[in-house]
Amino acid sequence: MDELSSSSKSGCEIYRSAEDRAAMAALANDYITYISDCKTEREAVAGVIARLKEAGYSEGFGTDRGWQALHGKAIFVARKGRRPLAEGIRLISAHTDSPRLDLKQRPLQEQVGVGQAKTHYYGGLRKYQWFARALALHGVIVTSDGKTIPVSLGEKDTDPVFTIADLLPHLSHKDGSLSLSDAFDAEKLNVILGHEPVLKGEDEEKEPKDPVKTRILQLLNEKYGIREDDLISAELEAVPAGPARHVGLDRGIVGGYGQDDRICVYTALRALLEAEDPEYACCLIFWDKEEIGSDGSTGASSRFFQYCVEDMAAAWEPETPFRKIMMNTKALSGDVHAAVDPDWQDRHELKNSAFFGHGVAFCKFTGSRGKYGANDAHPEYIGWMRGVLDARNIPWQMAELGKVDVGGGGTVALFLAAYGMDVVDAGPALLGMHSPFELSSVPDIYATKLAYQAFFEAK
Ligand code: MN
Ligand code: MN
């Protein structure tokens, strides 16, 4: 009677062949390159565009394969299928942004001979994880004459890195009794930028005011030609420095920053590029701002997606009404899930949780406190999707994020559902999600890419 019981399977059990093993390793290696090179929403989109160009895609919808981007932070990609758009598209969404420390608009300060940048954290992060580690600065500085200067400092072996000093244990005994939020004050997340003062010239009477900050401004001016005011129109993000790495003796895990949700960006892109002869038009929408509620012009609650679909329809099949495309569309909301943490199993309800290495995790609903704020996918759609994956023996699992009234969270699924399309959350489960060193399972990366590809190729 065993075949009557339900259980998820591990990817390692399913992918035993030398061919699968080689493909799995190659995919993980290329993924490591992508997330090591792309640590901001802009870099994630630039990385997508570079791969699209290589595959023969062009900007706009003048050909069968095109894209449209917004502010370099969000992007829509489309590839024609055999059937008309009126029969709907196959869509995968994901988000390009990740939790990090944004520099404030007036960031520079000097205290007791140390030059720092003040930050305002972005997204849900545990503040203590950001102290005492090497950080890199990524982003852009825009001058008042409209020039955009890209910044990436702290990644090359020859670059300096930055950091936030943590208090020594000798001076922090008393902090043990404080709550986490009191012990780690957001206004103390100040990134050290420099230490060398500008020295008094022989003809000068007084030391310059803030000599370390002045020296930092001199160096920024030499490197980028900017003044302190230019930082007001900058978006500089402090992110963990250095590349993603394999973790474990068996190299079965990828560790690195920003896997939520660039793992779905990457696997969905690979699936779109490699899908064979798709029946329906295949589309990707990668949004920004998911980690702070999906607002803003590049977030999922904006009209960007709709405008892109309208432009695509105008170019390919101008008679087709937008609503007709939407009502016939099937979508996967690609976002990461929480894998059962080996040391915190009590936070999960184990019958309905995602296990590391057991393939792509579906989430029928997200939300919290009684499914509040959830999409709650229709069972007819989940049944169809199960069939698509089982036909190809792709490992998948159905999961909730934590115990009822313990866990919860939101994704962009509800923004897609608002158009009337069928949508369900589907993505790999991570350990250490939202930390500076998130972990993904190599078989899950492979299974997710194959699941997305099966979705695009489904009749
Ligand atoms: Mn996410
Ligand atoms: Mn997240």
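None of these values were measured; they are calculated from a predicted model. First listed ligand is number 1; within each ligand, the first listed atom is number 1.
- With the Mn ion (ligand 1) as the vertex, atom NE2 of H95 and atom OD1 of D260 span an angle of 90° (nearest 10 degrees).
- Taking backbone and side-chain atoms together, D335 has an N/O/S atom less than 2.8 Å away from the Mn ion (ligand 1).
- When only modelled atom types and interatomic distance are considered, Y128 and D166 share no side-chain donor-acceptor pair under 3.5 Å.
- Within 6.0 Å of the OH atom in Y121, the count of heavy atoms belonging to other residues, nucleotides or ligands does not exceed 12.
- Of the charged side-chain nitrogens involved, at least one lies within less than 4.0 Å of a carboxylate oxygen, so that E41 and R100 count as a salt-bridged pair.
- Ring geometry, F362 versus W396: the interplanar angle exceeds 60°, so the pair is classed perpendicular (tilted spans 30 to 60°).
- If you put the vertex on the Mn ion (ligand 2), OE1 of E291 and NE2 of H434 sit 80° apart, to the nearest 10°.
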